[in-house]
**Student:** 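Encoded as structure tokens, here's the structure I'll be asking about.
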There are 2 protein chains.
Amino acid sequence: MARKAPLTDEALEHVARRFAVLAEPMRLRLLQALFAGEMNVNALVEETGGTQANISRHLQTLTQAHLISRRKEGLQVFYAICDPSILKLCELVCGSLEKQFTKQAGAFAR
Amino acid sequence: MARKAPLTDEALEHVARRFAVLAEPMRLRLLQALFAGEMNVNALVEETGGTQANISRHLQTLTQAHLISRRKEGLQVFYAICDPSILKLCELVCGSLEKQFTKQAGAFAR
DNA sequence: AATTAATATGAGCATATACTCATATAGTTG
DNA sequence: CAACTATATGAGTATATGCTCATATTAATT
């Protein structure tokens, strides 16, 4: 966030939208699968255990947010992570949550 | 995100929840105000231009997520950021969006 | 051209949550 | 204790979005 000037309302909405896109477990599962590399829809369906229709919708959401790229090859469509910040974002959150839970656990430890 | 083992479903839900808490412009505005330091509810109401009831609810959400701390002093309640990762998260997203928009703008430039 | 395979999408339902208004609670002061 | 101030919360409404089922689209194959 700005160290100097505050963000405009429009900028805040964009930031919020970015966080909202990441706020679905199924989409995180898709991203997690894609961290290993490019995959097509069917592979993602199998990997995540979701339905084809639902996965397709989530992939659309991620694509429109420019978090993943779409490459068509014959009948298949391959998706891949195209925003390098995603991994860092997830790692930051995981680290923060881990610390938080550890601290809470410590309140009981003796 | 895990470089080795994938996150469990429960962990993914926690991560998604953390992102969801950050996915509201008004909450981001509150956090932005709090980056400058501890503030009470009334000050935050004035700073953000929201209603008292709404701000109070958002502060509750942020508190329950352990992103901000709550300190009561007489009639007033002071809130402060207590999770250092928030600033980095917001900066990462802003940087990513900025790069994205710059790139899109470049498609038109000549 | 007809069939098959991979992916996308329209429609409808269910749920979550942001917002408002009114009121409750907690603490202070006369 | 009564009046006041700061904050929280119950109830209700509106909107957004995730999910599913069925079907559409696109591309390959025979």
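All chains are named by letter (A, B, ...) in the order of the sequence lines, taking the proteins before the strands, and each is independently numbered beginning at 1.
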**Student:** Would you please confirm or rule out a distance under 4.0 Å between OP1 or OP2 of D:dA6 and any side-chain N or O of B:Asn40?
**Tutor:** no

**Student:** Which residues within residues 46-56 of chain B lie with some heavy atom under 4.0 Å of an atom in DNA chain D?
**Tutor:** B:Gln52, B:Ala53, B:Ser56

**Student:** Indicate, with a heavy-atom threshold strictly under 4.0 Å, whether B:Arg71 touches base, sugar-phosphate, or nothing.
**Tutor:** nothing

**Student:** Start at the 5' end of DNA chain D and walk down; is the nucleotide closest to A:Thr61 or to A:Gly74 reached first?
**Tutor:**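 Mapping each residue to its closest nucleotide by heavy atoms, the 5'-most match is A:Thr61.
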
**Student:** Could you tell me whether B:Glu98 atom CD has more than 12 heavy atoms of other residues or ligands within 6.0 Å of it?
**Tutor:** no

**Student:** Using whole Å, report how far CG of B:Asn42 lies from C1' of D:dA8.
**Tutor:**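 Going from CG in B:Asn42 over to C1' in D:dA8 covers 13 Å.
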
**Student:** With B:Glu73, which residues qualify under side-chain hydrogen bond (donor to acceptor under 3.5 Å, both in side chains), at least two apart?
**Tutor:**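 With neighbours one apart ignored, the set is B:Arg71.
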
**Student:** Establish, with yes or no, whether the OP1 or OP2 oxygen of C:dA6 is under 4.0 angstrom from a side-chain nitrogen or oxygen of A:Tyr79.
**Tutor:** no

**Student:** Is any side-chain N of the basic residue among A:Lys88 and A:Asp83 closer than 4.0 Å to the acidic one's carboxylate O?
**Tutor:** no

**Student:** Using a 4.0 Å heavy-atom cut-off, does A:Phe78 contact any base of the nucleic acid, only the sugar-phosphate backbone, or nothing at all?
**Tutor:**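 No contact at all - A:Phe78 keeps every heavy atom at 4.0 Å or more from the nucleic acid.
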
**Student:** What pairs of donor and acceptor atoms, side-chain ones from residues 8-17 of chain B against any protein atom, are under 3.5 angstrom apart with sequence neighbours left out?
**Tutor:**
unit_1  : atom_1 : unit_2  : atom_2 : d
B:Thr8  : OG1    : B:Ala11 : N      : 3.0
B:His14 : ND1    : B:Glu10 : O      : 3.2

**Student:** Need to verify one output field. Residue with the more 5' nearest nucleotide on DNA chain C, A:Arg57 or A:Gln76?
**Tutor:**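 Per heavy-atom nearest nucleotide, the more 5' residue is A:Gln76.
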
**Student:** Would one find a side-chain N or O of A:Arg70 under 4.0 angstrom from OP1 or OP2 of C:dT7?
**Tutor:**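 For C:dT7, neither OP1 nor OP2 has a side-chain N or O of A:Arg70 closer than 4.0 Å.
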
